[in-house]
Asker: 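A single structure is presented below for examination.
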Amino acid sequence: PGELGALTRHRSPTEIPLNDARYSTTGRRLAYALHLTDGNHPLTARVFVNRIWRHHMGRGLVNTPNDFGIAGDRPSHPRLLDWLARDFVQHGWDQKRLHRMILFSRTYQQKSQRRPDWDRLDPENRLFGRANLRRLEAESIRDALLATTDRLNDRLGGTSVPVTQSSEGKAVIGIQQIKDGIPVGADEDHPDAVRRSLYIELQRSLPLHMLSTFDLPAMTPNCDVRRPTTVANQSLWFLNDSEMLKSSQALARLIRQRQADRADQVRALFIRLFGVEPTEDELKDCFRFLEKQDALLASEVEKGKVDLEDRSLAILCQTLLASNRFLYVD
């Protein structure tokens, strides 16, 4: 047992014993793990910091995170990659420190606004002259929907949240119900249904419907880069899915409980979803939207089927939750 020959050209070969008498097993895996993380390996720290950089910036310093070899992409900033890797090791492989350093950097805090002169010089933005526009990952979208409605259960640890098939064949959170030995749908009132997506059970053959719609990584056999898509199913999910409707209604109730005036409701909604107050034009557009919804729902109100203000506000919430402003990191 030993290191790959190509990786030992510029360092002393590592001695990995056939059998380590100190352990009940051979000890080879532990020896190799210690070798990879001793701070002298040419790839471990570089690969790690490159993945963290890609996660925040939308593009890695090496744009082929699974291939640092001849067939892979050359680093756009090799000295920065080396410095980040060395600094990461020198500070005890502290991941929080690495995240914080990248997030507080001027490069990360740039806007995504494009300029013709920069586009001519660097059309693929390899030099990070601006921020890359990025859509939230599938898990982040689900967690953000739960968080904005104050429904997110942020309890740490515990067992995974079960996923099963509903009577319609859709993968949902819940427990499969059996009657006379035949599956008859799912009990979706699971107490952990609003936990973070990190804890959702992951079955390759049955990924949660919401997460697969928004490009859950395809682990066949593994996923080196998430490739976001823009397809009709995603828009249809925002329009029709029961979870989306539940989130919109919960958000509307939350806003109405805290704000009585419509102008205050819209301002509170923008702050909760986008972190800023609406401009005067945005405020007017929302008022016009609500007035149109009031007119469309008037007949339903007369029949006593809906509460006008609650339903109109819920539709506005649904519209804003489906907007690019909510879904994309700008």
Side-chain angles (χ1 to χ4, degrees), residues 4 6-7 9-11 36-37 39-91 93-141 144 214-231 234 274-275 323-330:
L4 295 172
L7 299 178
R9 293 169 58 188
H10 303 292
R11 60 184 302 199
L36 290 176
T37 56
N40 296 313
H41 194 278
L43 285 180
T44 311
R46 287 180 174 87
V47 170
F48 193 95
V49 299
N50 185 65
R51 285 181 177 270
I52 299 298
W53 181 278
R54 181 186 181 88
H55 174 75
H56 290 304
M57 301 293 187
R59 181 189 182 96
L61 295 170
V62 177
N63 205 33
T64 50
N66 265 21
D67 191 347
F68 274 51
I70 296 174
D73 192 24
R74 293 181 66 83
S76 58
H77 300 70
R79 293 176 64 188
L80 174 59
L81 179 64
D82 290 347
W83 184 86
L84 285 171
R86 184 170 59 253
D87 181 82
F88 184 49
V89 173
Q90 288 174 349
H91 288 86
W93 305 78
D94 188 340
Q95 295 184 40
K96 285 188 177 181
R97 182 181 179 280
L98 175 62
H99 283 287
R100 192 180 298 114
M101 183 167 56
I102 293 175
L103 293 175
F104 286 168
S105 69
R106 188 170 60 182
T107 304
Y108 177 79
Q109 295 180 15
Q110 294 179 118
K111 294 182 179 179
S112 60
Q113 186 176 354
R114 305 182 71 135
R115 285 176 41 175
D117 52 342
W118 289 353
D119 284 345
R120 283 194 299 271
L121 292 171
D122 183 21
E124 296 182 1
N125 197 32
R126 285 177 56 85
L127 303 179
F128 300 100
R130 56 177 169 78
N132 290 301
L133 187 66
R134 296 183 295 111
R135 199 194 70 196
L136 290 175
E137 298 167 337
E139 300 91 336
S140 298
I141 294 174
F214 290 93
D215 309 309
L216 185 72
M219 304 301 288
T220 52
N222 53 42
C223 177
D224 61 335
V225 177
R226 293 198 187 208
R227 292 172 175 81
T229 61
T230 303
V231 294
Q234 295 164 357
F274 311 132
S323 67
N324 285 346
R325 193 171 183 180
F326 182 76
L327 293 175
Y328 284 81
V329 180
D330 184 355

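All figures in this text were calculated on a predicted structure; none of them were measured in a lab.
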Asker: Would you please name every residue forming a side chain to side chain donor-acceptor pair (under 3.5 Å) with Arg51, sequence neighbours left out?
Answerer: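 For Arg51, the residues satisfying side chain to side chain donor-acceptor pair (under 3.5 Å) (neighbours in sequence not counted) are Asn66.
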Asker: Measuring only between side-chain heavy atoms, which start at C-beta, is Tyr328 closer than 4.5 Å to Ser112?
Answerer: no
Asker: Using 0.5 Å steps for rounding, measure from the CZ atom of Arg97 to the CD1 atom of Ile102.
Answerer: 10.5 Å
Asker: Ignoring hydrogens and angles, write down the donor-acceptor pairs under 3.5 Å from the side chains of residues 52-60, residues two or more places apart or on other chains.
Answerer:
unit_1	atom_1	unit_2	atom_2	d
Arg54	NH1	Asn63	OD1	2.8
His56	NE2	His99	ND1	2.8

Asker: Taking all non-hydrogen atoms of both residues into account, name the closest pair between Val62 and Asp67 and its distance.
Answerer: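 Closest pair (atom of Val62, atom of Asp67, distance): CG1-O, 4.2 Å.
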Asker: Rounded at 0.5 Å granularity, tell me how far CG in Leu136 sits from CZ in Phe326.
Answerer: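 Between Leu136 CG and Phe326 CZ, I get 7.0 Å after rounding to 0.5 Å.
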Asker: Taking ring pair (Phe, Tyr, Trp, His ring centres under 6.0 Å) as the definition, give me every residue that meets it alongside Phe68, ordered by chain and number, with sequence neighbours left out.
Answerer: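 By the ring pair (Phe, Tyr, Trp, His ring centres under 6.0 Å) rule, Phe68 matches no residue at all.
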Asker: Taking all heavy atoms of Arg126 and all of Pro75, pick out the closest pair and write down the distance.
Answerer: NH2-C, 4.3 Å
Asker: Check whether any side-chain heavy atom of Leu84 sits under 4.5 Å from a side-chain heavy atom of Phe48, and report yes or no.
Answerer: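 The answer is no; the side chains never approach within 4.5 Å.
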Asker: Report yes if the side chains of Arg227 and Thr229 come closer than 4.5 Å at any heavy-atom pair, otherwise no.
Answerer: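 The answer is no, as the side chains (C-beta and beyond) never meet within the 4.5 Å cut-off.
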Asker: Hey, are the side chains of Gln234 and Asp215 touching, using non-hydrogen atoms and a 4.5 Å cut-off?
Answerer: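 Yes, at least one pair of side-chain atoms sits under 4.5 Å.
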Asker: If the condition is side chain to side chain donor-acceptor pair (under 3.5 Å), which residues does Glu137 pass it with, not counting sequence neighbours?
Answerer: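 So Glu137 forms no side chain to side chain donor-acceptor pair (under 3.5 Å) with any residue.
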Asker: Where the side chain of Gln110 meets the backbone of Thr107, is there a donor-acceptor pair that is under 3.5 Å apart?
Answerer: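 Side chain of Gln110 to backbone of Thr107, a donor-acceptor pair under 3.5 Å: yes, one is there.
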Asker: Without swapping roles, check the side chain of Ser76 against the backbone of Leu127 for a donor-acceptor pair under 3.5 Å.
Answerer: no
Asker: Which value, rounded to the nearest 0.5 Å, describes the distance between Leu98 atom CG and Leu103 atom CG?
Answerer: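 Rounded to the nearest 0.5 Å, the CG-CG separation comes out at 9.0 Å.
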Asker: Quick one: are Arg130 and Asp119 in side-chain contact, heavy atoms under 4.5 Å?
Answerer: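 Contact flag for Arg130/Asp119 side chains = yes.
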Asker: How about Arg74: does its CZ atom have over 12 heavy atoms from other parts shown lying under 6.0 Å from it?
Answerer: no
Asker: With sequence neighbours excluded, tell me which residues meet side chain to side chain donor-acceptor pair (under 3.5 Å) with Arg46.
Answerer: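 Applying side chain to side chain donor-acceptor pair (under 3.5 Å) to Arg46 gives Asp82.
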Asker: Taking all non-hydrogen atoms of both residues into account, name the closest pair between Ala138 and Arg226 and its distance.
Answerer: N-NH1, 4.0 Å
Asker: If I take atom NE2 from residue His77 and atom CG from residue Leu61, how far apart are they, to the nearest 0.5 angstrom?
Answerer: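 Separation between the atoms: 7.0 Å.
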Asker: Who pairs with Trp118 by ring pair (Phe, Tyr, Trp, His ring centres under 6.0 Å), at least two apart in sequence or on another chain?
Answerer: none
Asker: Between Asp117 and Arg115, which heavy-atom pair has the shortest distance, and what is it?
Answerer: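 Closest heavy-atom pair between Asp117 and Arg115: OD2-NH2, 2.7 Å.
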Asker: Within a radius of less than 6.0 Å around CD of Glu124, do more than 12 heavy atoms belonging to other residues, nucleotides or ligands occur?
Answerer: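 Open: at most 12 neighbouring heavy atoms sit under 6.0 Å from CD of Glu124.
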Asker: To check you understand the geometry: which heavy-atom pair defines the closest contact between Val329 and Leu133, and what is its length?
Answerer: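 So the minimum-distance heavy-atom pair works out to O-CD1, 3.6 Å.
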Asker: Check Gly39 against Trp93 and note the closest heavy-atom contact, atom names and distance.
Answerer: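 Distance-wise, the nearest heavy atoms are N-CZ2, 4.1 Å.
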